[in-house]
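What follows is a structure written as structure tokens; I'll ask about it next.
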Amino acid sequence: MRENDKPKPSISFIEQFIAEDLKEGNNGRPVHTRFPPEPNGYLHIGHAKAICLSFGMAQKYGGKCNLRFDDTNPVKEEVEYVDAIKDDIHWLGFDWEEREYYASDYFARLFDFAVELIKKNLAYVDDQTAAVISTQKGTPSQPGQESPFRKREVDENLDLFYRMNKGEFDEGSHVLRAKIDMTSPNMHLRDPIIYRIITSSHHRTGSKWMVYPMYDFAHGQSDYFEGITHSLCTLEFEVHRPLYDWFIDQLKTSDYRPRQIEFNRLNLTYTVMSKRKLLDLVREEKVNGWDDPRMPTLCGLRRRGYTPESIKRFIDLIGYTKVEAINDISLLEHTIREDLNIRTPRVFGVLNPLKVIIKNYPEGKVENVELINNPEDETMGKRLVPFCREVYIEHDDFMEVPPHKFFRLAPGTEVRLKGAYIIKCEGFKKNEKTGEIEEVYCTYDPETRSGGNTLDKKVKGTLHWVSAKHAVDAEVRLYDRLFSHEDPSGQKCADFREFLNPESLKTLTGCKVEPSLKSAMPLEKFQFQRLGYFCVDYDSTETNLVFNRTVPLKDTWAKINK
RNA sequence: UGUCCCGUGGUGUAAUUGGCAACACGUCUGAUUCUGGAUCAGAAGAGUUCAAGUUCGAGACUUGACGGGACAACCA
């Protein structure tokens, strides 16, 4: 009854930090977070985890969350990605209002800050090649060595840096480095490169700049410029934090400083989650684009039939920790079933049609039988489905020689056609050459019409069906896991491509669906009874209906059958 | 031979900050149903990587092992 009686919902360690910071005043600021994608690819479900966190914390604590494109590397970034990223965030149900920012908005301030560091003798221009700088850095277990240019005079550094940006030097010939500590046990503090020369055009600033800041020199500062209080990122940036803090120390003029907190990134079984690998799959045409329904991208999941709610629910369940875990994709499948179970109408669709002829049913007669659209939700109402002498059933639902515990149709057995009548199998036609069953002959019991209450005749099996005369043809795409290995990218001796599942896409044509589906629109979702959840694909047209199977229903018979 | 992070049922997370380990998924029973789905009821499954210490009491604290991960891109 009381609030206290309920177990307190546990909050993540990040939320605990935020709550503590707020308690201590948070420098007089409300929570302000940011989601900072680089526009060099499409968002995937791992990004959704970060989005839910940053937007979620802001929402929960009455703060704000900015969208900031981390566009400091013009050679990899494109506008195409900017637009797609915005669509995906909105689709998930989050909004950054007018706060759409770009790291490139801060290029001038960042440049000025670099100049300031040079003047404070905390940065210098290095003329060495990348290879030389790299060897001088040492290794994680060996200290680095100082560059011969480290002691360059301030004026010379200033002059060189300005000339770098004027385009007087080639790419790779000079870099600007922060002067920190070449012997630090943290590699990131060994005089990190903060500016490099890039002559490619930037998707927003064009050719205005010839020098571009590195991630470490842009990210924390951008947070600072925007007044971010909590900068939430994934675990691999943990070792960057001392550097993040070092730059903030040079920059801050009051008590305010953004705080970086790291959490575990999302790993899913049977898929890959790095943008580079996903890009490889797209470029090498292992999949049909970023929005291929087998991809873990948000646009792929959307096309597959996933709902934002199911993704958010999944993310909620897996939580935020510092443990590098690999999450089971079957949990995602659970959350989408849970969601679709409530929201989708039930329909009949036959994937592998087998014709059943009901011999004692009058030719030419059509009855409209009434079916419940969703037993979970009465408000979704009922619909009429035509029934007649010839219907299609699922090929798997008939067996000439049924195994033990087979509840479906077989010679001499009875089943119910859902919503219609109980039928009995009296015979079948078999192709002598191929051994394939081509038709099944049945009789029906007119007394068993659904809804009639006098009958206590019971059958074990209930089948879905589609009237042969009224059926609409459809193409159905069945998806399986993209990879056959649980952890395709975690194998040292094999490339992830070797684990691609050759059966990840099966296209079925000549499927038969009930006539009410004729005008279904792309992304419309249904439960094909006894089969699974399906949604209309973008490829669907008026003359060629195309469905994607989002996820099958759990199938205990398939399990028994194993 | 470095620095930092992490180690709780099969999996993912909890444990009110030290009081005999909880939840979800999955698994297995059973009930029920005109979806072998869903739903409902129930069960099995970890003594918290190991060891020592502090304490009346440790999954939580300390130390040390062991195991896993991150860090040596002019990527983010």
Side-chain angles (χ1 to χ4, degrees), chain A residues 4 7-10 12 16 36-38 40 70-73 75-77 103 126 129-130 133-144 171-177 184-190 193-198 211-212 214-216 218-219 233 235-242 262 264 269 275-276 316-328 330-331 333-335 337-338 341-342 346 348 371-372 375-376 405-408 415-420 422 448 450-451 458-464 527-532 552-561:
Chain A
N4 307 350
K8 225 200 283 180
S10 61
S12 70
Q16 287 180 35
E38 184 188 13
N40 67 343
D70 223 335
D71 56 350
T72 56
N73 186 0
V75 307
K76 290 168 73 181
E77 296 149 8
D126 198 327
T129 64
I133 290 175
S134 169
T135 50
Q136 277 171 358
K137 271 204 176 169
T139 68
S141 52
Q142 283 175 316
E171 280 190 14
S173 63
H174 298 72
V175 289
L176 184 69
R177 294 227 257 168
S184 170
N186 184 334
M187 298 291 292
H188 297 279
L189 260 20
R190 319 244 260 230
I193 292 166
I194 58 178
Y195 264 97
R196 74 295 209 193
I197 300 170
I198 298 177
V211 292
Y212 289 88
M214 298 284 287
Y215 165 84
D216 284 307
H219 201 94
C233 62
L235 243 27
E236 65 269 28
F237 293 103
E238 214 160 19
V239 283
H240 292 243
R241 192 170 50 205
E262 311 85 10
N264 61 344
T269 55
K275 270 194 203 169
R276 204 215 78 220
D316 212 45
L317 287 174
I318 62 175
Y320 298 88
T321 69
K322 301 193 78 162
V323 187
E324 290 170 62
I326 174 153
N327 293 279
D328 202 329
S330 58
L331 188 62
E333 292 171 346
H334 166 258
T335 61
R337 283 195 193 102
E338 189 178 51
N341 179 38
I342 295 165
R346 274 60 175 163
F348 288 160
L371 283 153
I372 293 168
E376 308 288 326
K405 281 201 153 185
F406 185 77
F407 300 159
R408 285 113 91 149
V415 295
R416 173 172 291 283
L417 293 179
K418 188 173 173 65
I422 290 177
T448 59
S450 288
K458 276 196 175 165
V459 289
K460 278 262 191 171
T462 303
L463 308 185
H464 62 281
Q527 186 197 89
F528 285 12
Q529 290 212 290
R530 303 207 304 137
L531 297 177
L553 292 177
K554 288 198 220 160
D555 186 350
T556 41
W557 168 245
K559 218 184 292 175
I560 293 167
N561 220 5

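As a basis for the values below, the full set of heavy atoms in this structure was taken, side chains included, without hydrogen atoms, waters or symmetry mates. A note on names: the letters A, B, ... follow the listed sequences, proteins ahead of strands, and every chain is numbered from 1. Since the model is a prediction, treat every value here as computed from it, not as a measurement.
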Quiz item: Touch check for A:Ile326, heavy atoms < 4.0 angstrom, all strands: base, sugar-phosphate only, or nothing?
Solution: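 Counting heavy atoms under 4.0 Å across all strands, the contact made by A:Ile326 is with sugar-phosphate only.
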Self-check item: Contact pattern, 5' to 3', of nucleotides 71-76 of chain B - B, S or - by protein heavy atom under 4.0 Å
Solution: BBSBBB
Exercise. Provide the distance between the two C1' atoms, one in B:U39 and one in B:C66, to the nearest whole Å.
Key: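 Comparing C1' positions in B:U39 and B:C66 gives a spacing of 47 Å.
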Quiz prompt | N-glycosidic conformation, B:G53 - syn within 90 degrees of 0, else anti | solution = anti
Quiz item: Which whole number of Å gives the distance between the C1' atom of B:G69 and that of B:G37?
Solution: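 Roughly 41 Å separates the two C1' atoms.
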Self-check item: Spacing between A:Ile318 atom CD1 and B:C23 atom C1', to the nearest angstrom
Solution: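 My rounded result for the distance is 16 Å.
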Self-check item: B:U1 base / A:Gln142 side chain donor-acceptor hit below 3.5 Å
Solution: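 For A:Gln142, whose side chain was compared with the base of B:U1, there is no donor-acceptor pair (under 3.5 Å).
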Quiz item: Which residue, A:Asp555 or A:Asp328, contacts RNA chain B at a nucleotide closer to its 5' end, judged by nearest heavy atom?
Solution: A:Asp328
Practice problem: Please tell me which of A:Thr462 and A:Gly319 maps to the more 5' nucleotide of RNA chain B, matching each residue to the nucleotide holding its nearest heavy atom. | Solution: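 Result of the comparison: A:Gly319.
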Quiz item: Which part of the nucleic acid, if any, lies within contact of A:Tyr320, taking any heavy atom under 4.0 Å across all strands shown: a base, the sugar-phosphate backbone alone, or nothing?
Solution: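 Touches sugar-phosphate only.
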Quiz item: Heavy atoms under 4.0 Å, any strand shown: does A:Lys405 hit a base, just sugar-phosphate, or nothing?
Solution: base
Exercise. Take atom P in B:U1 and the same atom in B:C23, then report the distance between them in whole Å.
Key: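 Looking at atom P only, B:U1 and B:C23 are 49 Å apart.
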Quiz prompt | Nucleotide forming a Watson-Crick or wobble pair with B:A44, both distances under 3.5 Å | solution = none
Exercise. Give one of base, sugar-phosphate or nothing for A:Arg346, where a contact means two heavy atoms less than 4.0 Å apart.
Key: base
Quiz prompt | Pair partner, B:A76 [Watson-Crick or wobble, under 3.5 Å] | solution = none
Exercise. Just label B:U17 as syn or anti from its O4'-C1'-N9-C4 or O4'-C1'-N1-C2 angle, using within 90° of 0 for syn.
Key: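 Syn.
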Practice problem: To the nearest 0.5 angstrom, please state how far the CE atom of A:Met187 sits from the OG atom of A:Ser141. | Solution: 9.0 Å
Quiz item: Could you give the distance from CD (A:Glu333) to NZ (A:Lys554), rounded to the nearest 0.5 Å?
Solution: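 Separation between the atoms: 11.0 Å.
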Quiz item: For A:Glu376 and B:G37, what is the distance between atoms CD and C1' respectively, to the nearest whole Å?
Solution: 10 Å
Exercise. May I ask which nucleotide in the shown strands pairs with B:A58, Watson-Crick or G-U wobble, both distances under 3.5 Å?
Key: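 Its partner is none (no Watson-Crick or G-U wobble pair with both distances under 3.5 Å).
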Exercise. Could you tell me the separation between the NZ atom of A:Lys460 and the P atom of B:G37, rounded to a whole number of Å?
Key: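 Value for this atom pair: 12 Å.
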Exercise. Identify whether any heavy atom of A:Gln136 sits under 4.0 Å from a base atom; if not, whether one sits that close to sugar-phosphate; answer base, sugar-phosphate or nothing.
Key: nothing
Self-check item: d(CG, A:Leu371; C1', B:U35) in whole Å
Solution: 11 Å
Quiz item: Under 4.0 Å between a side-chain N/O of A:Thr321 and OP1 or OP2 of B:U13, yes or no?
Solution: yes
Exercise. Pick the P atom in B:A14 and in B:C61, then give their distance to the nearest Å.
Key: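 Nearest-Å result for B:A14 against B:C61 at atom P: 15 Å.
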Exercise. Name the pairing partner of B:G2, where a pair is Watson-Crick or G-U wobble with both distances under 3.5 Å, or state none.
Key: B:C71
Quiz prompt | Spacing of the P atoms in B:G42 and B:A24 (rounded, Å) | solution = 12 Å
Considering only nitrogen or oxygen atoms on both sides, find all protein atoms under 3.5 Å from nucleotides 5-9 of chain B and state each distance.
none

Exercise. Could you measure between the two C1' atoms, the one in B:A46 and the one in B:U3, and give it in whole Å?
Key: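 The answer is 33 Å between these two C1' atoms.
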Practice problem: Verify side chain to side chain donor-acceptor pair (under 3.5 Å) between A:Ser184 and A:Asn186, making sure each step is shown before the conclusion. | Solution: CA-CA 5 Å; A:Ser184 170; A:Asn186 184 334; 5.5 Å; no
Exercise. Under 4.0 Å between any heavy atoms, over every strand shown, what does A:Gly419 touch: base, sugar-phosphate, or nothing? Just pick one.
Key: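 Since a base atom lies under 4.0 Å of A:Gly419, the category is base.
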Exercise. Answer yes or no: does a side-chain N or O of A:Thr556 lie under 4.0 Å from OP1 or OP2 of B:G37?
Key: yes
Quiz item: Does B:C23 have a Watson-Crick or wobble mate here (both distances under 3.5 Å), and if so which one?
Solution: B:G12
Quiz item: Is any side-chain nitrogen or oxygen of A:Asn264 closer than 4.0 Å to OP1 or OP2 of B:G69?
Solution: no
Self-check item: Pair partner, B:A31 [Watson-Crick or wobble, under 3.5 Å]
Solution: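 Answer to the pairing question: B:U39, which forms a Watson-Crick or G-U pair with B:A31.
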Quiz item: Thinking salt bridges, do A:Glu238 and A:Lys322 make one under a 4.0 Å N-O criterion?
Solution: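 Yes, A:Glu238 and A:Lys322 are salt-bridged.
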Practice problem: Choose from B:U27, B:U35, B:U33 the nucleotide whose nearest atom is closest to any side-chain atom of A:Gln527. | Solution: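 The listed nucleotide nearest to A:Gln527's side chain is B:U35.
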Quiz item: Distance between the P atoms of B:U48 and B:U8, in whole angstroms?
Solution: 12 Å
Quiz item: Distance-only, no hydrogens or angles: does the A:Arg530 side chain make a donor-acceptor pair with backbone N or O of A:Asp555 under 3.5 Å?
Solution: no
Quiz item: Parallel under 30°, tilted from 30 to 60°, perpendicular over 60°: which one fits the rings of A:Phe348 and A:His464?
Solution: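 It falls in the tilted class, 30° to 60°.
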Self-check item: Under 3.5 Å on both distances, the Watson-Crick or G-U partner of B:A65
Solution: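 Pairing partner, where one exists within any strand: B:U49.
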Quiz item: Considering all heavy atoms of both residues, which atom of A:Ala103 and which atom of A:Thr72 are nearest to each other, and what is their separation?
Solution: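 Scanning both residues, the minimum pair turns out to be CB-CG2, 3.9 Å.
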Quiz item: Hey, what do you get for NZ (A:Lys418) to CG (A:Leu463), rounding to the nearest 0.5 Å?
Solution: 11.0 Å
Exercise. Look at the side chain of A:Lys418 and decide which nucleotide, out of B:U35, B:U13, B:A15, has an atom nearest to it.
Key: B:U35
Exercise. Spell out yes or no: do the side chain of A:Arg408 and the base of B:G36 have one donor N/O and one acceptor N/O closer than 3.5 Å?
Key: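 It does, because a donor-acceptor pair links the side chain of A:Arg408 to the base of B:G36 below 3.5 Å.
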Self-check item: Integer-rounded Å distance: B:G37 P and A:Leu463 CG
Solution: 14 Å
Quiz item: Is there a side-chain contact between A:Val239 and A:Glu262 (heavy atoms, below 4.5 Å)?
Solution: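 The answer is no; the side chains never approach within 4.5 Å.
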Quiz item: How many Å lie between NZ on A:Lys554 and P on B:C28, as a whole number?
Solution: 10 Å
Quiz prompt | d(CG, A:Asn327; P, B:A24) in whole Å | solution =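 Value for this atom pair: 18 Å.
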Quiz item: Considering only the C1' atoms, how many Å lie between B:U13 and B:C6, rounded to the nearest integer?
Solution: 15 Å
Quiz item: Could you state the CZ-P distance from A:Arg190 to B:U3, rounded to the nearest angstrom?
Solution: 12 Å
